[in-house]
Amino acid sequence: MIDLGRIRTEIDETDREILRLFEKRMTLSEEVALSKLESGKSVADVKREKEVLEGMSALASTEFNAVGVREVFRQLIAISKKRQYQLLVENGKPLELNYIQKDSLEFPGEKVVFQGAEGAYTYAAMKEFFEKEMEFINVPTWKEAMELVASGERDWGVFPIENSTAGSVSDVYDLMTEYPIYIVGEQVLPISHTLMKVPGAKTEEITTLYSHPQALAQCRKFLEREYPHWQQREMLNTALAAKKIAEDRDPSQAAIASKYAAELYGLEIFQDGGMTREVNSTRFVIVSNKMEFRKDAKHISICVEIPHESGSLYNILSHFIFNDLNMFRIKSRPIEDKPWEYRFFIDFEGNLSEAGVQNALLGIATEANVRLLGNY
């Protein structure tokens, strides 16, 4: 019979030997890092890494073992590079971020722009975030709002980025890669949708419903159950939907918007909340064209474009693991003109002044195309 106890004893002895050799290899990696620090060479050496992987896998006795050996040494190389990045930061060679830390973020005049109309949820988020009255303007599209902030004509912009029920606002994510704007704050706003109509109109007369696509998606189950015969029409935002039916004065039209939109446009509410089962809230980001962050900032957003190859996303995410950083959100978007390639928007906890954050960003920036979207 096979002596399982003996085999396990030999495995334990082998594992201890692997541990000894691993620690020896890490010591040598640190010496490599110090040498590169003196010479100014990059931590990553793609040619050398390829030679090691191909050479070691070729020495394996079976095809199965060759695959395993390649994976083991790929991880060894990745771990070694992470330690080298740490040493670079510890020796005063962090990633150049060009961000300025401040006690508070203020702008002369404090001019704000948002997409939509007064009465929209973005308007409400602006009111919640800024503690005093601001000079604000509203524009029809997110693109126009981004352009005004990027050019400096507006100090701040307010954009919806994610809803707890309907998911991410993909167009805003895409626009953030096109303009030199940076997230400096966020506001989470509870969303309570209401159904409204022209005063005096009868519910049975209604045939058409107007609202923003996100609001329609969030209320989908309610509408399918209660008003399946209504035709749904998309608007740029909920406030414009309310404004439209108020101006048309057409009793066959209804809108989903906020209570304050109904009050603003003189509409009659006939369903106040209760159209979504889930706790519904929307996360808004506040952006500027200045690379600044508050010293008490605790969230970081980055955008990463990675090579279209096996293990590339894992390699990027491993930097968070090795630096003990909590990643709490990841969103993928296709890259225009690059079929089947994606950029990833990642949110994690941290402050740019922290060594672990600098280690992770240095490693990611060395291995991929990364853009720091903000620390807030």
Side-chain angles (χ1 to χ4, degrees), residues 15-37 40-50 52-53 56 67-97 99 293 297-332 342-375:
D15 287 345
R16 282 192 289 271
E17 181 64 12
I18 291 173
L19 173 60
R20 185 187 67 80
L21 293 173
F22 170 77
E23 292 190 332
K24 179 180 179 180
R25 194 183 199 283
M26 291 304 297
T27 299
L28 293 171
S29 295
E30 292 177 359
E31 293 178 9
V32 169
L34 295 176
S35 172
K36 289 180 177 179
L37 188 64
K41 289 184 178 179
S42 171
V43 168
D45 186 341
V46 177
K47 182 174 182 293
R48 167 66 177 164
E49 292 171 17
K50 184 177 180 181
V52 171
L53 294 177
M56 297 309 296
V67 174
V69 165
R70 176 177 286 270
E71 183 59 28
V72 167
F73 277 87
R74 181 183 285 117
Q75 294 303 317
L76 281 174
I77 292 170
I79 294 168
S80 298
K81 288 195 294 184
K82 289 173 179 63
R83 178 55 182 149
Q84 291 180 44
Y85 296 137
Q86 289 179 347
L87 288 171
L88 289 179
V89 173
E90 290 172 6
N91 285 273
K93 296 290 184 179
L95 179 67
E96 292 294 333
L97 297 173
Y99 268 72
F293 70 101
K298 57 184 180 181
H299 290 164
I300 297 174
S301 294
I302 62 174
C303 175
V304 184
E305 293 184 14
I306 60 177
H308 185 52
E309 58 190 36
S310 176
S312 58
L313 179 58
Y314 170 83
N315 291 336
I316 295 302
L317 298 183
S318 65
H319 288 283
F320 299 108
I321 299 171
F322 277 89
N323 289 286
D324 196 27
L325 299 174
N326 179 33
M327 185 187 75
F328 55 87
R329 187 179 294 108
I330 182 169
K331 164 75 176 177
S332 66
Y342 297 85
R343 59 171 58 97
F344 293 85
F345 295 86
I346 300 173
D347 294 346
F348 61 98
E349 294 178 354
N351 186 283
L352 292 177
S353 64
E354 298 169 356
V357 169
Q358 294 178 18
N359 294 341
L361 291 177
L362 177 60
I364 294 171
T366 305
E367 298 173 12
N369 182 10
V370 61
R371 181 185 167 198
L372 178 57
L373 296 176
N375 190 192

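Atoms considered below: every heavy atom in the structure, side chains included; atoms not considered: hydrogens, waters and symmetry mates.
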d(Ile306 CD1, Tyr314 OH) to nearest 0.5 Å is 13.5 Å

One should read off an interatomic distance between Glu349 CD and Asn326 CG, to the nearest 0.5 angstrom, of 4.0 Å

- Compute whether any side-chain donor of one residue and acceptor of the other, for Arg343 and Ser332, lie under 3.5 angstrom apart. no

Under 3.5 Å, side chain of Asn375 to main-chain N/O of Asn351, donor-acceptor pair present? no

In short, ring-ring contact (aromatic ring centres under 6.0 Å, His included) pairs touching residues 345-368 with sequence neighbours left out are Tyr173-Phe345, Phe320-Phe348

Evaluate the side-chain proximity of Ser318 to Lys82: yes if any heavy-atom separation is below 4.5 Å, no if none is. yes

>> Let's go through Arg83 and Glu30 carefully: what are the C-alpha distance in whole Å and the side-chain angles of both, what is the deciding distance for salt bridge (Lys or Arg N to Asp or Glu O under 4.0 Å) to 0.1 Å, and is it a yes or a no?
In response: CA-CA 7 Å; Arg83 178 55 182 149; Glu30 292 177 359; 3.0 Å; yes

For a side-chain contact (heavy atoms from CB on, under 4.5 Å) check, start with the C-alpha distance between Asp45 and Lys47, then their side-chain angles and the critical distance, and finish with the verdict. CA-CA 6 Å; Asp45 186 341; Lys47 182 174 182 293; 3.9 Å; yes

*asked:* Contact between Leu37 and Leu88 at the side-chain level, heavy atoms closer than 4.5 Å - yes or no?
replied: yes

Glu17 meets the side chain to side chain donor-acceptor pair (under 3.5 Å) criterion, sequence neighbours left out, with Arg20

Quiz prompt | Trace of the side-chain hydrogen bond (donor to acceptor under 3.5 Å, both in side chains) decision for Gln358 with Glu354 | solution = CA-CA 6 Å; Gln358 294 178 18; Glu354 298 169 356; over 6 Å; no

Can you confirm whether more than 12 heavy atoms, excluding those of Asp15, are under 6.0 Å from its CG atom? yes

Checklist line | Side chains of Thr366 and Lys81, donor plus acceptor under 3.5 Å | finding: no

Legend entry - Under 3.5 Å side-chain donor-acceptor pair for Gln86 and Glu90: no

Do Tyr99 side-chain atoms and Leu372 backbone N/O form a donor-acceptor pair below 3.5 Å? yes

Indicate yes or no for a side-chain donor-acceptor contact from Ser35 to the backbone of Glu31 under 3.5 Å, with no hydrogens or angles considered.
no

Q.
What I'd like to find out is whether the side chain of Ile79 reaches to under 4.5 Å of the side chain of Phe22, using heavy atoms alone.
A. yes

What one should report as the nearest heavy-atom pair of Ile316 and Ala368 is CD1-CB, 3.8 Å

Go through Leu373 and Ile302 one step at a time and tell me if the side-chain contact (heavy atoms from CB on, under 4.5 Å) criterion holds.
-> CA-CA 5 Å; Leu373 296 176; Ile302 62 174; 5.7 Å; no

Residues Ala33 and Leu87: closest non-hydrogen pair is CB-CD1, 3.7 Å

| Any side-chain heavy atom of Ile346 sitting closer than 4.5 Å to one from Met327? | yes

Notebook entry, point to check: Counting only N and O atoms by type, is there a donor-acceptor contact under 3.5 Å from the side chain of Glu305 to the main-chain atoms of Tyr342?
Noted result: no

Side chains of Asn323 and Val357 in contact at under 4.5 Å (non-hydrogen atoms):
no

Contact check, side chains of Ile330 and Leu317, non-hydrogen atoms, under 4.5 Å = yes

- [ ] Could you tell me whether the side chain of His319 reaches within less than 4.5 Å of the side chain of Glu367, counting heavy atoms only?
- [x] yes

When rounded to the nearest 0.5 Å, the distance separating CZ of Phe328 from CG of Asp347 is 5.0 Å

Leu325 vs Ile300, side-chain contact (heavy atoms from CB on, under 4.5 Å): CA-CA, chis, key distance, verdict: CA-CA 11 Å; Leu325 299 174; Ile300 297 174; over 6 Å; no

Does the Lys36 side chain pair with the main chain of Lys41, one donor and one acceptor, at a distance under 3.5 Å? no

| Residue pair Asn369 / Val304, side-chain heavy-atom distance below 4.5 Å | no

Rounded to the nearest 0.5 angstrom, the CD-CG distance for Gln84 and Leu362 is 11.0 Å

